2 protein chains.
Amino acid sequence: MDQFVSTFTNKIDAKGRISVPVSFRTVLAKDGFEGIYCYPSLDDAALDAGGQRLVDKIQLLLEDIAPYSDERDHLAMALFGASEVLSIDQDGRIKIPERLCDHAALSSKATFVGLGGKFQIWEPEKFQDQFSAGRKKLSEFKGLLGTDRRKPGDAEGARE
Amino acid sequence: MDQFVSTFTNKIDAKGRISVPVSFRTVLAKDGFEGIYCYPSLDDAALDAGGQRLVDKIQLLLEDIAPYSDERDHLAMALFGASEVLSIDQDGRIKIPERLCDHAALSSKATFVGLGGKFQIWEPEKFQDQFSAGRKKLSEFKGLLGTDRRKPGDAEGARE
DNA sequence: TGGGATATCATGGGCGTCAATGGATGGAAG
DNA sequence: CTTCCATCCATTGACGCCCATGATATCCCA
């Protein structure tokens with residue numbers, strides 16, 4: 001699996017360290033990035049994080065939005081300037097810088113939530129709210145995902 | 001056979017483990033996915049589960065619904081964040097995380113229901129209710145299913 | 001055809017390993 | 001000297017691996 005999946009809530013210890021879920025570390029290792037690329041989410045009181053794939057995506061996004069312009073530099077500054085590369089210690093822990101903690105209102109615990117190509121870090125209670133809201137929104141689309149209201153190809157009959 | 005078919009009710013042991021029906025394991029092995037991708041059903045108190053095919057479907061869905069919006073993050077959270085990749089031990093058993101057990105109200109037993117391209121996991125009694133209800137509805141659509149009609153009574157493989 | 005031997009699968013339990021966490025040590029920087 | 005940070009070690013609880021059991025279905029051969 002090369003996607004960030006599931007959610008984990010871990011403790012931030014007295015020294016500000018927190019364990020990164022092992023499955024996330026595995027994904028990061030696979031895309032060959034030493035550490036975690038991390039920046040404040042633009043939309044939420046949370047942190048966006050990921051590995052090389054995320055960095056590439058941001059670069060593409062920048063080039064798309066503002067090719068060869070001054071504006072691009074400004075955007076780049078806003079995005080990259082607010083970012084940090086967090087190193088993972090040998091026990092799989094990171095230390096989240098204060099500036100980022102502030103943005104996400106992190107104190108004693110943090111929730112890692114996988115979003116496929118990247119993941120986010122939330123204060124657990126804020127996460128719950130956001131999650132419920134997202135779930136509700138998702139059910140508006142449920143016709144598309146469905147409980148397998150059987151695609152044509154899925155018509156089943158024979159047994160083994 | 002590359003479809004999830006039939007119904008099995010198995011026991012959840014003291015350690016929270018449950019055997020995945022061997023025929024389901026065979027299907028999973030065929031589509032090349034180590035483990036079971038699993039998330040709470042949007043419509044029911046049950047779990048949706050499957051292999052690589054299911055993951056692909058979800059990814060496509062996300063790209064369809066919300067390419068590059070902040071909404072996409074929220075939907076990704078509701079989908080990937082609520083999901084788990086369950087590893088199958090060498091005896092063919094999985095451990096269903098508490099969060100998922102809660103959603104499906106699983107305690108001592110669970111029913112695996114094949115739906116073709118994916119399968120569901122139900123609390124046995126809830127499944128019975130759902131099954132009867134579904135059967136009633138099914139008769140309304142019988143015409144659509146044509147010759148391939150399976151009598152519901154035939155669908156049970158559970159040994160109890 | 002019947003009955004015993006064999007294979008397969010669901011299930012239970014013991015045990016070693018690993019992940020998450022807490023704490024200690026050593027060194028660099030202010 | 002004191003603070004910050006990285007490495008290292010210890011503890012605990014969960015999980016994976018392994019083996020045993022029982023029940024069922026399959027096969028083989030007289």
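Basis for what follows: all heavy atoms, side chains included, without hydrogens, waters or symmetry-related copies. Convention: sequence-line order gives letters A, B, ...; per-chain numbering from 1. Since we're looking at a predicted model, the values are computed, not measured.
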Working to the nearest 0.5 Å, report the span between [atom1] of [X] and [atom2] of [Y].
X	Y	atom1	atom2	answer
B/Gln128	B/Thr111	CD	OG1	7.5 Å
B/Leu79	A/Arg135	CG	CZ	7.0 Å
B/Leu75	B/Leu61	CG	CG	8.5 Å

Measure the distance from [atom1] on [X] to [atom2] on [N] and round it to the nearest whole Å.
X	N	atom1	atom2	value
A/Glu98	D/dC4	CD	P	11 Å
B/Arg25	C/dT11	CZ	P	11 Å
A/Asp89	C/dG22	CG	P	14 Å
A/Phe112	C/dT21	CZ	C1'	13 Å
B/Ile94	C/dT11	CD1	C1'	15 Å
B/Ile36	D/dG16	CD1	P	12 Å
B/Lys109	C/dA10	NZ	P	14 Å

Salt-bridge test for [X] and [Y]: reply yes if a basic N is under 4.0 Å from a carboxylate O, no otherwise.
X	Y	answer
A/Lys109	A/Glu123	no
B/Asp13	B/Arg93	yes
A/Lys30	A/Asp2	no
B/Asp73	A/Lys118	yes

Would you say a side-chain N or O of B/Ser87 is under 4.0 Å from OP1 or OP2 of D/dC15? no
When you measure from the side-chain N and O atoms of A/Gln90 to the phosphate of D/dC8, is any distance below 4.0 Å, counting only OP1 and OP2?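 Checking D/dC8 against A/Gln90, a side-chain N or O does come within under 4.0 Å of OP1 or OP2.
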Is it the case that one hydrophobic cluster holds both A/Phe24 and A/Val5, taking links as side-chain heavy atoms less than 4.5 Å apart, direct or via other members? no
Same cluster for A/Ile18 and A/Ile36 if Ile/Leu/Val/Met/Phe/Trp/Tyr side chains link at under 4.5 Å? yes
To the nearest 10 degrees, what angle separates the axes at the start and end of the helix from C/dT1-D/dA30 to C/dG30-D/dC1, five pairs each? 30°
Of the residues in residues 11-19 of chain B, which ones touch DNA chain D at a heavy-atom distance under 4.0 Å? B/Lys15, B/Arg17
Determine whether any donor atom in the side chain of B/Asp91 lies under 3.5 Å from an acceptor atom in the base of D/dC18, or the reverse, and answer yes or no.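 Side chain to base: pair present.
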What about B/Arg93, does its side chain sit under 3.5 Å from the base of C/dG12 through a donor-acceptor pair?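 Flag set: donor-acceptor pair detected.
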